[in-house]
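Structure, as structure tokens:
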Amino acid sequence: MDVDWELIAFLVLGAFEVIGSILVVTNKRMVRAAFWLAMTLVTIGAIYLLFLSEFVFLIQVIVYAGAVPVLFVFGIMLTRRTIMDEAGPEGGP
Amino acid sequence: MIPLQYELLLSAMLLCIGLYGVLARRNGIIVLMSIEIILNASILNFVAFSSYSGDASGQVFALLGIAVAAAEAAVGLAVFLGIYQTHGTIELDKIRFLKW
Amino acid sequence: MIAYEWVVWLILLFPLAAFVLIGVLGRYLPEGGGHVAVGAMAGSFVLSLYVFIQVLQQGGLGGAFTPQTIEGFVWIPSLLPENSIKISLLIDNLSALMLVLVSFLCLLIFIYSLGYMHEEEGKPRYYAEVSLFATGMLGTVSADNFLQLLIFWEIMGLCSYLLIGFWDRKPEAAAAAKKAFLVTRIGDVLFLVGVLVIWNVFATLSFGEIQRKMASLYPGTLTPQLLTLIPLLLFGGAVGKSAQFPLHAWLPDAMEGPTTVSALIHAATMVKAGVYLTARAFIFLVPLSSAVEPPFTAILVIAAIGGFTTLFAATMAVVNFDIKRVLAFSTISQLAYMFLGLGAGAYIMATDVSRGEAVDSAGYSAALYHLFNHAFFKALLFLGAGSVIHAVNTNDMREMGGLSKPLPVTSKVMLFGALALAGIVPFSGFFSKGEILSVTFDAGSLNSGFYLLWALGVGTAFLTAFYTFRLWFMTFRGEYRGHQHPHESPPVMTVPLMILAGFTLVSGLLAYPMQGFGNLVFFQRPEAAFPLLGVPFQHLLLEGVSMGVAVLGLALAWAVYATKRVPAERFTASRGGAFIHRMLTKRYWIDDAYDAFGRTVVYGTARALDWFDRRVIDGIVNGVGRAGVVVATGTDRFDRQVVDGAVNAISLETVRTSLRLRQRQTGQVQSYAWVVVLGIVVVIALMFGLSFLQRWWSGLGR
Amino acid sequence: MTYILSLLILIPLVGAVVAWFVGTSQRLAKLIALGVSLIETTLATLLLVGFINPGWAVFFGAPTTTPPPTPGAYVPLYYMERYSGWSQFGFNYIVGVDGLSVPLIWLTTLLTTLAIVFHWDEENRPRAFFGLFLFLEMTLVGVFMSLDLLLFAVFWELVIIPMFFLIGIWGGPNRRYAALKFLIFTQTGFVIMLLSIFALYFNSAGVNAAVYGTNANTLDMTAFLHGALRHETGTLATYLTVGLQIPIFAAFLVGFLVKLPSFPFHTWLPDAHVEAPTGGSVLLAGVLLKMGGYGIFRINLGILPDATKNLWWVLAVLGTVSMVYAAFVCLAQVDLKRLIAYSSIGHMGFVLLGASSLTVIGVQGGIFQLFNHGIITAILFMLAGSVKHATGTRDIPELQGLAKVMPQFSFVLAIGFFASLGLPGLNSFWSEFMVFVGAYGSPNLGEMRRLIIIPLISIVVTAAYYVYTMQRILFGEVPEKLGHSHDLLPWERVSYVVLVALVFLVGFLPFLFLGMINTYTAGSFPWLGGL
């Protein structure tokens with residue numbers, strides 16, 4: 001039996017992806033959410049690599065994985081007095 | 001070769017997760033993050049179809065989408081910063097500008 | 001050829017310059033610029049004499065002076081140069097003679113005016129206007145074409161109008177001026193039509209050109225009807241200007257102007273322009289080519305109007321008591337003689353031409369001879385009357401009488417004039433009047449209608465002598481009936497009178513040294529108007545008859561007014577006599593009829609049209625406007641209630657609905673996002689559902 | 001100085017703005033207005049002189065005989081500026097003058113100056129008053145210059161605006177009614193005329209192609225003028241068909257007849273004149289009416305010759321009726337100004353009659369009548385203003401014996417009246433004479449030419465009402481209340497001197513103006529008949 005490594009890699013990465021994004025939207029702590037977001041973005045970049053689109057992967061890593069989460073962190077930092085606290089009115093974590 | 005159905009399934013799942021974030025979370029920044037996820041779902045589609053059809057224009061669109069997403073994130077954050085400075089909060093249920 | 005032909009222009013320009021100078025600076029000139037006017041006129045006279053002598057020298061007696069045109073500038077340009085209308089002067093025998101005559105009379109009368117007008121206000125105006133008048137008259141007689149003639153003719157009409165109305169405070173003067181202008185204007189319009197017709201037929205207006213083109217255009221472009229029509233239209237102008245029936249009514253009223261004006265314009269010069277024009281119209285009446293049938297109808301009309309008017313006007317002169325009006329009626333009558341002579345002469349000449357015989361221009365010469373003589377003696381009579389009026393301050397002969405003692409010079413010169421007018425040998429009127437009558441009698445052998453006209457002429461000769469001496473006896477004989485202290489006029493007035501009196505004696509005899517007046521006016525062949533000498537016995541007899549009736553008339557006047565042996569009341573007492581007297585005093589009611597016509601028909605039409613304009617046309621306009629307002633009100637109501645109502649209802653309902661919908665608007669982004677998502681779901685569901693349905697349907701169809 | 005034409009349009013416009021904004025006092029406003037209008041008149045005079053004799057042309061060079069774009073076609077003396085081809089739909093800025101428009105342009109500038117001088121003592125809102133005069137001048141000059149249909153229409157429409165305000169603000173007691181009537185009449189005429197402009201536009205491609213080689217719709221009047229000219233001389237086979245020309249002709253004619261005005265459309269004129277201030281009347285009668293005549297010659301005869309050959313009788317009948325009708329109505333008038341207004345209607349009838357004759361001399365006479373009537377009627381309306389100013393009334397029955405009290409006034413009045421009734425030796429005689437010659441010699445009439453006697457009636461009646469009026473106004477004893485009426489004011493005298501001098505000048509030397517008119521007529525209408 002010929003093992004389809006590509007498929008396996010895709011399934012693994014897809015799982016990471018789904019779990020990571022669920023964590024993003026459900027996490028009470030925003031900074032963590034931002035980190036999980038960075039993770040999902042890198043993961044999805046890897047999936048692009050599977051689809052033989054290395055240039056898009058590069059851009060994805062540079063723009064998304066690098067810049068956007070940093071941007072979000074700055075956003076969080078500027079809208080919270082304390083960065084690590086989760087002080088949302090949603091009632092804590 | 002990864003079957004297209006798998007890829008579409010993944011994309012749909014990401015879309016739904018993002019949609020949940022947009023609709024359910026009240027924190028504006030989280031909403032923005034969810035939007036990023038939705039965008040990534042669609043970009044994934046572009047890339048996948050490009051790969052299957054052997055046409056490079058899907059990748060071009062993907063690049064465009066990335067650029068727009070980045071810009072959109074920046075603008076969105078700026079808007080929330082502005083709102084925060086005027087209203088002291090970015091909780092979406094407290095922001096009622098749209099109510100006339 | 002005239003040496004120094006620019007001199008001819010100066011004849012016109014002198015009085016024109018005087019007009020401008022007096023018009024602008026008259027107030028600052030001594031005697032209101034009278035001396036300037038006299039000086040200018042003297043210059044014109046000298047130059048006219050110069051031209052006349054040259055014409056005589058070159059033409060010689062009985063020889064031909066080639067008519068010469070002195071070119072001026074173009075008035076109406078045209079792409080074809082020969083169709084342009086130019087101002088240019090024509091010098092031939094007739095115009096040269098007229099220039100001398102006019103400038104001489106103007107000169108004398110201007111000099112006389114210095115005395116007569118001395119105490120008047122508005123002298124600058126007077127002298128400016130008479131100078132302009134002199135320009136007009138000189139221009140008229142020297143015009144080279146009909147249009148130019150018409151222009152100067154109308155300038156004269158304007159001056160006549162202004163001078164009749166010289167005493168602007170007198171309402172009668174204003175009315176008379178208006179009447180004169182309008183009545184002559186009717187004639188002028190006919191003249192204008194004549195000019196239009198000539199232009200369209202001949203493509204030129206110059207006398208010489210017309211004569212040259214005549215034969216080639218007949219009977220194609222120039223139909224016989226047109227050939228009859230053209231001289232009649234021109235004669236229409238002459239009728240107006242020379243106050244012939246039926247346009248005679250203005251001349252007696254024109255006596256409201258100063259007496260000098262009456263003498264100059266309404267006796268000696270302007271009214272003669274009609275005769276002059278008719279003489280110029282001889283190029284149509286007597287075409288000088290046997291190929292052209294002469295317009296005998298037109299000739300007969302001219303002669304008939306002349307013959308009729310002569311008696312018609314003379315009868316009215318008999319009953320008038322205004323010294324100037326008597327003379328005015330007499331002027332009309334004498335002018336009519338001239339037309340009669342022209343008509344009869346033209347008839348004879350035209351017959352000669354159509355028969356191919358030598359042309360006998362006796363009638364033409366005689367008429368112009370009478371014009372020449374009449375200018376002198378009528379000017380003399382008017383100026384004499386002016387002298388009388390100056391002395392007694394009234395026009396009414398009933399307030400005069402016995403004036404020969406205080407006014408010795410005036411009475412003598414008036415006697416000269418009266419004798420000339422009555423036609424007593426050897427005074428000038430005798431020669432020319434007798435000539436006209438004998439020509440008329442001659443024409444009778446060609447058309448028996450002329451015998452009747454001759455009879456009218458003879459009757460007029462009788463009446464002329466009668467009313468002339470009635471005037472003289474009533475004025476200078478008997479007892480003074482007025483209340484003034486009459487005294488003789490100053491020399492500045494009497495000297496011109498004496499000069500004129502000399503001319504009344506001489507001008508008739510002038511024909512002898514010239515071997516006939518025809519040599520002077522020279523139409524085509526020099527047929528002498530050669531009084532009394534070398535003429536057939538029949539002519540002597542005819543002239544004897546005309547003088548005989550004149551003597552009879554004189555005798556009757558002497559009997560009635562000088563000795564009062566036959567009182568006039570005997571005539572007016574009878575019923576028929578009273579009616580005739582009344583009819584004559586009322587001038588055959590013609591003036592009344594004209595007034596009534598003007599008041600009712602013309603002014604009535606004007607009022608009616610004015611009413612029409614205000615009520616009907618403007619009414620329609622305003623009605624349309626009002627209808628517009630009504631429609632506007634209606635649409636306004638419709639707009640407010642129906643259209644606006646609908647609009648308002650819609651908007652009200654919208655507001656109500658939106659108020660309800662507003663509650664659904666939470667203002668929260670996420671609730672909107674929910675709607676968006678739901679919408680997407682619905683769209684997707686529809687798409688899938690529809691495609692499913694379609695597949696299902698096609699599956700069914702298969 | 002090839003921009004002379006645009007300059008002539010621009011100067012009064014600038015002057016109007018300056019007078020309006022800078023004229024802080026009455027004195028300043030009128031000085032500015034006078035200065036600007038004097039400059040304008042000087043320029044127009046220089047232009048005119050070049051037309052009278054090309055050798056006398058200074059500054060602008062002699063007028064050319066053939067405009068640049070069309071070789072072959074003979075178009076008389078011409079100045080032209082054209083900026084075309086920049087519009088998608090065929091609108092061009094083309095201004096040009098020739099023997100038809102130059103006299104009218106000169107008349108416009110002259111009368112504007114004199115009207116400003118005449119109103120030297122205007123106290124009521126002088127800034128707006130003098131500004132409007134200059135604005136009016138600009139629009140009038142524009143109308144006479146435009147050689148593009150749309151430009152023509154724009155200026156035509158603009159003319160109404162200042163006139164409306166001049167009547168409506170500075171007018172007499174019934175001014176609102178008069179202004180409104182004026183506006184509605186002319187506006188209606190304009191709208192009907194506009195239909196024709198559209199019709200011409202949508203049928204212009206063929207003409208444009210034939211003349212200028214551009215197969216596109218155009219509003220360029222010169223294309224039509226040349227097209228018509230070449231069509232009539234036989235070098236251009238296809239032009240607007242007769243069936244098309246006739247409705248266009250008719251609609252244009254309505255617009256022009258209202259402006260002229262001719263018989264059934266005339267009732268706005270007396271009201272407008274009676275209410276308008278003197279200067280307004282002067283320009284209204286002196287120049288505005290001429291727009292109608294100008295349009296008839298420029299467009300109806302120039303662009304639509306075939307229709308003119310078919311419909312000449314309309315012009316003839318309306319002209320004749322106007323002349324006779326207006327003459328009679330004048331006889332019944334009491335208000336001096338109303339009388340003069342009606343006399344204008346009659347005199348414009350001559351223009352129609354001349355145009356209808358379709359002879360060179362008749363058309364020339366009609367054009368010349370436009371110019372002459374402009375001068376004379378200006379005098380007459382000024383006189384009406386003077387007499388109102390001096391005695392406080394214009395009613396003829398209340399005036400009497402003015403010859404004694406106001407000798408200068410009486411002198412001018414006599415000259416004006418005699419000129420107006422066509423006394424030979426004064427200017428109007430020439431044009432009337434030429435019109436009659438043309439009408440009588442018209443090849444259309446044939447045997448009917450004897451009908452010429454009908455318009456000739458109007459000459460006698462015209463003489464009658466003028467002489468009758470003079471008898472009533474000038475003669476007689478002076479009534480008590482008129483005893484202290486002052487004679488002409490100094491600035492009024494200036495206006496009269498200029499105009500009276502012009503009456504005599506044109507009367508004695510008509511060829512000064514007839515030369516260019518003749519060149520224009522013979523060159524533009526070679527198809528006319530007659531001598």
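Below, read A as the first sequence line, B as the second, and so on, with proteins coming before strands; counting in each chain starts at 1.
- Heavy atoms closer than 4.5 Å to chain D are found in both the backbone and the side chain of C:Ala175.
- For the options D:Leu474, D:Leu512, D:Leu331, D:Ile517, heavy-atom pairs under 4.5 Å to chain C are most numerous at D:Leu331.
- Nearest heavy-atom pair across D:Tyr325 and C:Asp613 is OH-OD1, 2.5 Å.
- Within the 4.5 angstrom heavy-atom criterion, only side-chain atoms of D:Phe185, from C-beta onward, approach chain C.
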- Item | Working for side-chain contact (heavy atoms from CB on, under 4.5 Å), residues D:Tyr440 and C:Val195 | CA-CA 11 Å; D:Tyr440 181 80; C:Val195 173; over 6 Å; no

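- Per-residue heavy-atom pair counts under 4.5 Å with chain C were compared for D:Gln333, D:Gln400, D:Met434, D:Arg472, and the maximum is reached by D:Gln333.
- Both the backbone and the side chain of D:Leu421 come within contact range of chain C, with heavy atoms under 4.5 Å apart.
- Of the atoms belonging to D:Tyr342, it is side-chain heavy atoms, and not backbone ones, that fall under 4.5 Å from chain C.
- The residue among D:Met470, D:Gln471, D:Gln364, D:Lys181 with the most heavy atom pairs within less than 4.5 Å of chain C is D:Gln471.
- Among all heavy-atom pairs drawn from C:Leu182 and D:Val460, the shortest one is CD2-O, 4.3 Å.
- When side chains are defined from C-beta on, D:Phe504 does not count as touching C:Val20, because their heavy atoms never get closer than 4.5 Å.
- Interatomic distance, CZ of D:Phe508 versus CZ of C:Phe73, reported as 9.0 Å (0.5 Å rounding).
- At distances below 3.5 Å, at least one donor-acceptor pair connects side-chain atoms of C:Asn200 with backbone N or O atoms of D:Val437.
- No more than 12 heavy atoms of other residues, nucleotides or ligands lie within 6.0 Å of CD in C:Glu121, so this atom counts as exposed by the packing criterion.
- To the nearest 0.5 angstrom, D:Ile452 atom CD1 is 9.0 Å from C:Leu192 atom CG.
- Listed options D:Ala464, D:Gly401, D:Ala414 were ranked by heavy-atom pairs under 4.5 angstrom with chain C; first place goes to D:Ala464.
- Residues of residues 147-156 of chain C lying under 4.5 angstrom from chain D, judged on non-hydrogen atoms, are C:Leu147, C:Leu150, C:Ile151, C:Glu154, C:Ile155 by number.
- At a 4.5 Å heavy-atom cutoff, the contact between C:Val621 and chain D is made by side-chain atoms alone.
- Of the inter-residue distances, the one linking D:Thr267 atom OG1 with C:Asp618 atom CG reads 4.5 Å to the nearest 0.5 angstrom.
- Contact count against chain D (heavy-atom pairs under 4.5 Å) is highest for C:Asp610 among C:Ile620, C:Val602, C:Asp610.
- Contact detail for D:Gly422 and C:Arg185: the closest heavy-atom pair is O-NH2, 3.9 Å.
- Side-chain contact between C:Lys178 and D:Tyr468 is present, with at least one heavy-atom pair separated by less than 4.5 Å.
- Rounded to the nearest 0.5 angstrom, D:Leu509 CG and C:Trp75 CH2 are separated by 9.5 Å.
- Here the closest non-hydrogen pair linking C:Val74 and D:Phe511 is O-CD2, 3.0 Å.
- Dense packing is recorded around CZ of D:Arg493, with more than 12 heavy atoms of other residues, nucleotides or ligands lying under 6.0 Å away.
- With a 4.5 angstrom heavy-atom cutoff, D:Pro264 touches chain C only via backbone atoms.
- When each of C:Leu162, C:Asn622, C:Leu190 is checked for heavy-atom pairs under 4.5 Å with chain D, C:Asn622 comes out on top.
- Note: C:Tyr161 and D:Phe418 have perpendicular aromatic rings, judged against thresholds of 30 and 60 degrees for the angle between ring planes.
- Taking every heavy atom of both residues into account, C:Tyr603 and D:Ala332 meet most closely at CE1-CA, 4.2 Å.
- Between chain D and the options C:Val197, C:Ile87, C:Ile186, C:Asp188, the largest number of non-hydrogen pairs under 4.5 Å is found for C:Val197.
- For chain D, no part of C:Arg125 is nearby; none of its heavy atoms comes within less than 4.5 Å.
- Enclosure of atom CZ in D:Phe411 is not indicated, since only 12 or fewer non-hydrogen atoms of other residues, nucleotides or ligands lie within 6.0 angstrom.
- Both the backbone and the side chain of D:Phe433 have a heavy atom closer than 4.5 Å to some heavy atom of chain C.
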- Message: Is there a side-chain contact (heavy atoms from CB on, under 4.5 Å) between C:Phe181 and D:Leu423? Walk through the geometry before answering.
- Response: CA-CA 11 Å; C:Phe181 193 82; D:Leu423 192 84; 4.2 Å; yes

